[in-house]
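Notes for the one structure printed next.
A note on names: the letters A, B, ... follow the listed sequences, proteins ahead of strands, and every chain is numbered from 1.
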Protein chains: 2
Amino acid sequence: MNDQDRRSMPLFAIGTVMKLTELSARQIRYYEEHQLISPERTTGNQRLFSFNDVDKLLEIKNLLDKGLNMAGIKLLLTDKVNKAAEKNETMKITNKELREVLRNELSEAGRFGKSSLRQGELSRFFVKR
Amino acid sequence: MNDQDRRSMPLFAIGTVMKLTELSARQIRYYEEHQLISPERTTGNQRLFSFNDVDKLLEIKNLLDKGLNMAGIKLLLTDKVNKAAEKNETMKITNKELREVLRNELSEAGRFGKSSLRQGELSRFFVKR
DNA sequence: AAATTGATGTAAGGTTTCCTTACATATAAT
DNA sequence: ATTATATGTAAGGAAACCTTACATCAATTT
């Protein structure tokens, strides 16, 4: 079993994810509805989230705090742009530029919630190689 | 938040732990009853297990496979012996000897279950420093 | 300004998972 | 043979989760 397998293992119930991310169940389900995440299900249809899912949710939260809407967040998180970028120089630049543009359009922001876990932090559960 | 905090965070419902360890709920609760683990609880009294708990359960499973009984496992896992050993040369030796004795009393063992996760493996979720 | 859209709250009714307690069982120890 | 150990199983109840639907409130659009 490699890291990627571990990161995508269905582990957490939604209650745990709520605490981990400080998002409401409504929000989490809403983001799933809009295909930002797609947690596995138990045989009884209950959601089980992976580390990847939680990391994504933390990133979503981060971008929400900065004022982005679903569309923007989707653009930044969606495979389309980011994954394509990894394999394509031109895309990579486009992606970078996109991030810049979005970043510049942000309100100066800065006020953080009282989140106990910051975006990307859960990743440290994993071994970096 | 440091590694130890992360390792002891209450994260997993018992169903998840069952899959992770391939132990029955009955077994897991039994080991708690006998103070081998002590998972947190939700406000509604449902168990939430940490990485440490799961790692311990995997170790318990390992020792079970080797024919140890609760008493032996308890000796090997319990703070008393191991933690004390870290700080005391004499104890350390005693502990080592104890391990030897127990090891020698094992049936030659060897047959493993079809466990998808081996003892210690979950630890790799964490950063080793 | 009024209507629409986007994002989240909340409530109802139902299902699944988990809880404890208790008793059954099989193997091992005495 | 009896007792102890470790686990299975079942019952009844509580907690957590599910979907659906409607409410709300801010931001857009008309």
Side-chain angles (χ1 to χ4, degrees), chain A residues 10-49 53-54 56-57 59-77 105-107 109 113 115, chain B residues 10-49 53-54 56-57 59-77 102 105-107 109 111 113 115:
Chain A
L11 295 174
F12 311 109
I14 199 170
T16 300
V17 177
M18 290 172 63
K19 288 178 211 140
L20 241 28
T21 62
E22 287 176 331
L23 292 168
S24 72
R26 186 69 176 83
Q27 286 178 292
I28 296 171
R29 294 189 187 118
Y30 185 78
Y31 304 148
E32 177 187 16
E33 215 175 294
H34 290 264
Q35 284 116 41
L36 297 181
I37 51 176
S38 32
E40 298 286 318
R41 300 287 184 129
T42 66
T43 54
N45 201 38
Q46 302 200 178
R47 272 164 269 253
L48 281 185
F49 299 82
D53 291 328
V54 177
K56 241 179 195 172
L57 287 170
E59 195 168 348
I60 289 170
K61 202 189 174 183
N62 204 258
L63 296 172
L64 276 178
D65 280 347
K66 293 186 175 169
L68 289 222
N69 61 8
M70 282 297 97
I73 295 177
K74 209 164 179 178
L75 263 182
L76 287 183
L77 290 187
E105 285 185 7
L106 303 177
S107 53
S115 179
Chain B
L11 295 174
F12 310 110
I14 199 170
T16 300
V17 176
M18 289 172 65
K19 288 179 210 138
L20 241 28
T21 62
E22 287 176 329
L23 292 168
S24 72
R26 186 68 175 85
Q27 286 179 292
I28 296 171
R29 294 187 187 120
Y30 185 79
Y31 303 148
E32 176 187 16
E33 216 173 295
H34 290 263
Q35 284 115 42
L36 297 181
I37 52 176
S38 32
E40 297 287 319
R41 300 287 184 131
T42 65
T43 54
N45 201 38
Q46 302 201 178
R47 273 164 267 253
L48 281 185
F49 298 83
D53 292 327
V54 176
K56 240 178 195 171
L57 287 171
E59 196 168 347
I60 289 170
K61 202 189 174 183
N62 204 257
L63 295 172
L64 276 178
D65 280 348
K66 293 186 176 168
L68 288 222
N69 62 8
M70 283 297 98
I73 294 176
K74 208 165 180 178
L75 264 182
L76 287 183
L77 290 187
L102 286 167
E105 285 185 6
L106 303 177
S107 54
R111 23 112 203 159
S115 179

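In this entry the distance linking CZ of Phe12(B) with C1' of dT17(C) reads 18 Å, nearest Å. Summarising the geometry, the separation between CZ on Arg47(A) and C1' on dC18(D) is reported as 7 Å, rounded to the nearest angstrom. Atom pair Met18(A):CE and dT8(C):C1' shows a separation of 13 Å (rounding to whole Å applied). Atom CD1 in Ile14(A) sits about 15 Å away from atom P in dT17(C), given to the nearest Å. Taking atom NZ of residue Lys19(B) and atom C1' of nucleotide dT17(C), one finds them 11 Å apart after rounding to whole Å. Gln27(B) places its CD atom 16 Å from the P atom of dC18(C), with the value rounded to the nearest Å. When rounded to the nearest whole Å, the span between CG of Leu68(A) and P of dG6(C) equals 16 Å. When the P atom of dA7(C) is taken as reference, atom CG of Leu63(A) falls 13 Å away, rounded to whole Å.
Between Arg29(A) and Ile14(A), the closest heavy-atom pair is NE-CD1, 3.9 Å. Closest heavy-atom contact between Tyr31(A) and Leu23(A): CE1-CD1, 4.2 Å.
The side chain of Arg29(B) lies closest to dT20(C) when the candidates are dC17(D), dA6(D), dT20(C).
A distance of 12.0 Å separates CE of Met70(A) from CD of Gln35(A), quoted to the nearest 0.5 Å. With values rounded to the nearest 0.5 angstrom, His34(B) atom NE2 is found 7.5 Å from Lys74(B) atom NZ. Expressed to the nearest 0.5 Å, how far CG of Asn69(A) lies from CG of Leu75(A) amounts to 9.5 Å.
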Listing time: all N or O pairs from protein to nucleotides 23-30 of chain C that are below 3.5 Å?
none

**Request:** Would you sort out whether Arg47(A) and Ile37(A) count as a side chain to side chain contact (heavy atoms under 4.5 Å, CB included), showing the intermediate values?
**Result:** CA-CA 11 Å; Arg47(A) 272 164 269 253; Ile37(A) 51 176; over 6 Å; no

**Request:** Given side chain to side chain contact (heavy atoms under 4.5 Å, CB included), test Phe12(A) with Thr16(B) step by step and report yes or no.
**Result:** CA-CA 8 Å; Phe12(A) 311 109; Thr16(B) 300; over 6 Å; no

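Partner Pro39(B) forms a side-chain contact (heavy atoms from CB on, under 4.5 Å) with one of Leu57(B), Ile28(B), Asp53(B) and no other, that one being Asp53(B).
Salt bridge present: Glu32(A) and Arg41(A) bring a charged side-chain N and a carboxylate O closer than 4.0 Å.
For DNA chain D, the neighbouring residues in residues 31-46 of chain B, judged by any heavy atom under 4.0 Å, are Tyr31(B), Thr42(B), Gly44(B), Gln46(B).
At a threshold of 4.0 angstrom between heavy atoms, the contacts of Ala25(B) with the nucleic acid are absent.
Applying the 4.0 Å criterion to OP1 and OP2 of dA7(C), one finds that Tyr30(A) has a side-chain N or O inside that range.
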